[in-house]
Structures are given as structure tokens and as C-alpha cells.
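Note that the structure is predicted; figures quoted are calculated from it, not measured.
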Amino acid sequence: MYSLSAYGRMLADRVRFDAYRRALERCVRPGDVVVDLGAGPGVFALLAARLGASRVLAVDPDPIVELGTELAHAHDVAERVEIHATTGATLDRDTARAGDLVGAVDVLVGDLRGVLPVHDDHFEIVARARRWLRPGGVVIAACDHLRVAPVTAPDAYRDLVEAWTAPHLVAAGLALDAARARAVQSIGRVTLPESAPVAPAVTWASIDYGSLDAEAPPTVLRRSAAWTLGADATVHGLAVWFDSDLLTGTAEGEAVCLSSGPGGVAAGRAEVYGQAFLPWPSPHRLAAGDSVEVDLQARRVGDGWVWRWRSAVAGARFDQSTFFGAPLDRSRLAARAVVRSPGPDDPT
């Protein structure tokens, strides 16, 4: 659940808000039925109602969605905005309250990402809700493209990794190397400058929300990538972010796009998401012409995702996984245990 201040930060991100507003203006028509999925306080629902939608459903299990009732009254659209403090799956079953949504929705809008779209049950939620769309209905966002690049990120590396072995801790007689070893198997949310990537980003995965299968949403994303550095640089690890086509370009207008890449508002990118930082065990000073090779994988495991990044750089090889990023809960691990031999593509 997000706090009110967290939703405030999302709304304060002008790049993000303006992109979603433009997308709604492009596709919402008078009389439309719109679902705002993961609505929070229902701001996108308000925009849709003000654009003429005849029925707007603001759906979110967070109680903050009830604030949408007050906001709808304040904008004189309360008769057209329905507040559903529930999940999309529950709403789908609750025909007494929601009516038959299947095939009735013109626009499905939502932002269920965390730092990245690879977040909790995001894909499953959108895949199920997509059944509500009428033929030709619109999903906002239409597609997310995940980008990855090697980065120089001394501040992020200091905060995530080197903090555990800082000189003042060593001087106090503390040996926290075990925590540092966990930290290099973890992903951190960072805000990087535009100059952080030391090579052009490559597309690691693309998620087409208009074609997600409710019976088989993505559970494994994997791709290898390679770069040759054009200049000397100290590389601390990898950064992953997303570029989103909220609406694709059509004869009716240009595409509406959004990026969470390094640089923030000054670079025309949203700041509220940040980037995912995958550190290496140690920084590497590389020369122009040196290569970096990475095999990056995210796998749905239980309630979340396990990431694995295998890197080859300057003669060294690293094999890291968020599976090792936190101490194991042995009772939960035993409950899930399956007797088999691990394969080469397993997240661990």
C-alpha cells in the first residue's frame, strides 16, 4: 500500500502526469466506459470523467481510493465515477456491484509498476482486466520496453554496497562483510544522472499489454546483451529502466511516450520511478574498447520476482541473484521445497 505522500510524489512528477493526461485526451470519447486500475485516489478516473466518459470505475484495494468519492463530488462528476475498494479480480466476480464488465470497457488505464514493470502481479492483473475491453478497446500503457546499460554509479554503489564496510564502521571494530555480500546480490532503486550509462542502452524485454494472455502471463524474462566501451570509465554495475508507449502512433496522432531513464525531468524523463541498479561485486575500471557481456533474467517465484545477472568483464565473471540477497526464511523455504536437481536457467 502507498501512503498519501507517495501518491503526491507521483502526481508531482510532471512528466509522468502530462504523458498520461495526453494519452487519455487522445482516446477517451463522450459516452465511453473507462476503468482506472490501481487508481489510488482516482486522479486518472477524474480526468476520464471530465473528458466525457459516461461511466468510470476507479479500482484499488488501498483504502485511499475512497478519497476518489470526495474528489469526484468536488469536480461534479460523482454520478459517473464508481469507487471500488477491491482488486480487479474481485471486481470481475462481483457482478452485483460492477455489472458485466466483459466486453464493455472502452479504455483501461493504470500504472501498476514499481521501479520497473516487472513488479509483483502486475502482468497477471492487466492480463485479467484486458478481458473487459470491447473489440478495439485501448490499454494505457500499450507497451513497456525495458532497457539495460552498464553504468558508472559511485553514489548508488556507496549507499547500497560500500556502506557496510565504511571506514568508520571498521574503526569501530565492526566486520559487516556478510551484509556486504548480501548487498551485492540485491537490486536498489536509484536516481541516476543522464551521464551514468557508459554505453548505449539495449532493449532487454518488451511487454505488449494489449496481447497479454490471462491464462499465461509472462513469468520469465531473459536476454543476453553486450557492449564495447567507447571511452575509459569506472563501471559499478547495471541499470534497468523502462520506456513506455502509453499509446502507439496511429493516423489519429503521434505516439504518447514516457521514460523512467536516467536524467529525470531535466532530460524529459519521469523521476518518480527511478532506475533499478544491479551492482557488481566490485567496481571495474575499464578502458575504451573493453567489452561487457551480460545475461539478465527475471523469473516469477512465489509472490515476487527473482533476478539473476551473469556478467563477463575484463577477464572476470560474476553470477549474482537476488535469491541470495536476503537471509532465507527456512520455514517458508521448506514449505515450498520441491525435490529436484537445479538446471542452468534456474534463478539461483
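- There is a path of hydrophobic side-chain contacts, each under 4.5 Å, that joins Ile140 to Val81.
- Listed here is the closest heavy atom pair of Trp305 and Pro218: CH2-O, 3.5 Å.
- Under the 4.5 Å side-chain criterion, counting only non-hydrogen atoms from C-beta, Leu133 is in contact with Val139.
- The side-chain contact (heavy atoms from CB on, under 4.5 Å) test with Gln320 singles out one residue from Arg310, Gln185, Arg308, and that residue is Gln185.
- Once rounded to the nearest 0.5 Å, the distance linking CG of Leu57 with CG of Asp36 reads 9.5 Å.
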Evaluate Val313 against Glu293 for side-chain contact (heavy atoms from CB on, under 4.5 Å), listing each step before the verdict.
CA-CA 7 Å; Val313 53; Glu293 299 177 8; over 6 Å; no

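- Salt-bridge formation is detected for the pair Glu124/Arg300: a Lys NZ or Arg NE/NH1/NH2 atom is positioned less than 4.0 Å from an Asp or Glu carboxylate oxygen.
- In this structure, the side chains of Val294 and Val292 come closer than 4.5 Å at one or more pairs of heavy atoms.
- Here CG of Asp120 is found 10.5 Å from NE2 of His122. Values are rounded to the nearest 0.5 Å.
- Here the rule is ring pair (Phe, Tyr, Trp, His ring centres under 6.0 Å) with His236, and of Tyr157, Phe277, Trp280 only Tyr157 fits it.
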Please report the C-alpha distance between Arg147 and Val202 in whole Å, then the side-chain angles of each, then the deciding distance to 0.1 Å, and finally whether the side-chain contact (heavy atoms from CB on, under 4.5 Å) criterion is met.
CA-CA 5 Å; Arg147 316 294 193 195; Val202 301; over 6 Å; no

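- Ring orientation note: the planes of Phe242 and Tyr273 are nearly perpendicular, at an angle over 60° on the 30°/60° scale.
- Contact record, Val15 with Gly268: CG1-O, 3.7 Å, taken as the closest heavy-atom pair.
- Residues Glu25 and Arg21 are paired through a salt bridge, judged by an N-O separation under 4.0 Å between the basic side chain and the carboxylate.
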Arg29/Asp106 under salt bridge (charged side-chain N to carboxylate O under 4.0 Å, His left out): CA gap, chis, key distance, verdict:
CA-CA 9 Å; Arg29 299 290 181 264; Asp106 298 282; over 6 Å; no

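- Looking at Val198 and Val151, their side chains never come closer than 4.5 Å, going by heavy atoms from C-beta outward.
- One hydrophobic cluster holds both Tyr20 and Val265 under the rule that ILVMFWY side chains link at heavy-atom gaps under 4.5 Å.
- With hydrogens and angles ignored, the 3.5 Å screen pairs no side-chain donor or acceptor of Asp208 with any backbone N or O of Cys143.
- Of the possible polar contacts, one joining the Asp290 side chain to the Ala287 backbone as a donor-acceptor pair under 3.5 Å is found.
- For the pair Asp155 and Arg158, the salt-bridge criterion is met [side-chain N within less than 4.0 Å of a carboxylate O].
- Distance check, rounded to the nearest 0.5 Å: CH2 of Trp164 to CG of Leu174 gives 11.0 Å.
- For the pair Ser321/Val306, a side-chain contact is recorded, criterion being any heavy-atom separation below 4.5 Å from C-beta on.
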side-chain contact (heavy atoms from CB on, under 4.5 Å) evaluation trace for Arg80 with Arg55
CA-CA 5 Å; Arg80 291 183 281 126; Arg55 184 186 183 198; over 6 Å; no

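- Salt bridge present: Asp111 and Arg16 bring a charged side-chain N and a carboxylate O closer than 4.0 Å.
- Salt bridge status for Arg269 with Glu194: present, with a side-chain N to carboxylate O gap under 4.0 Å.
- More than 12 heavy atoms of other residues, nucleotides or ligands shown are found within 6.0 angstrom of CZ on Arg22.
- Nearest heavy-atom pair across Pro200 and Trp227 is O-NE1, 2.8 Å.
- At distances below 3.5 Å, not a single donor-acceptor pair connects side-chain atoms of Asp32 with backbone N or O atoms of Val34.
- Atoms CG and NE2, on Leu46 and His75 in that order, are 5.5 Å from each other to the nearest 0.5 Å.
- Rounding to the nearest 0.5 Å gives a distance of 12.5 Å between CD1 of Ile207 and CG of Asp245.
- Pairing each heavy atom of Ile83 with each of Thr69, the nearest pair is CG1-OG1, 3.3 Å.
- Proximity of a side-chain donor or acceptor of Ser3 to a complementary backbone N or O of Ala6 within less than 3.5 Å is detected.
- Of the charged side-chain nitrogens involved, none lies within less than 4.0 Å of a carboxylate oxygen, so that Arg223 and Asp295 do not count as a salt-bridged pair.
- For the pair Pro262 and Pro197, the minimum side-chain heavy-atom distance is below 4.5 Å.
- Under a 3.5 Å cut-off, the side chain of Thr152 and the backbone N or O of Thr234 do form a donor-acceptor pair.
- Residues Asp144 and Tyr209 are in side-chain contact: their nearest non-hydrogen atoms beyond the backbone lie under 4.5 Å apart.
- Taking CG of Leu169 as the reference point, atom OG1 of Thr165 lies at 8.0 Å (rounded to 0.5 Å).
- Inter-residue side-chain proximity for Leu247 and Val138 is flagged as met; some heavy-atom pair is nearer than 4.5 Å.
- For the residue pair Pro41 and Leu67, the shortest heavy atom distance occurs at CB-CD2, 4.0 Å.
- Hydrophobic clustering (ILVMFWY, side-chain heavy atoms < 4.5 Å, transitive): Val161 and Trp309 are in distinct clusters.
- Donor-acceptor pairing under 3.5 Å is lacking for the side chains of Asp60 and His84.
- With Arg26 contributing its side chain and Glu254 its backbone, the two residues share a donor-acceptor pair below 3.5 Å.
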Apply side-chain contact (heavy atoms from CB on, under 4.5 Å) to Val109 and Val28, showing your working.
CA-CA 10 Å; Val109 61; Val28 176; over 6 Å; no

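- Residues Trp307 and Trp204 place their aromatic rings such that the two centres sit under 6.0 Å apart.
- Side chain of Asp62 to main chain of Gly40: no donor-acceptor pair is present (N/O by atom type, distance under 3.5 Å, no hydrogens or angles).
- Hydrophobic clustering (ILVMFWY, side-chain heavy atoms < 4.5 Å, transitive): Val115 and Leu160 are in distinct clusters.
- In terms of heavy atoms, Ala214 sits closest to Pro217 at O-CD, 3.8 Å.
- Placement of Phe324 and Leu176 in two distinct hydrophobic clusters is found when ILVMFWY residues are connected by side-chain heavy-atom separations under 4.5 Å, directly or transitively.
- For the residue pair Thr203 / His145, no side-chain donor-acceptor distance below 3.5 Å is found, with atom types taken as modelled.
- Around the CZ atom of Arg285, the shell of radius 6.0 Å holds more than 12 heavy atoms that belong to other residues, nucleotides or ligands.
- No side-chain N or O of Arg130 forms a donor-acceptor pair with one of Ser211 less than 3.5 Å apart.
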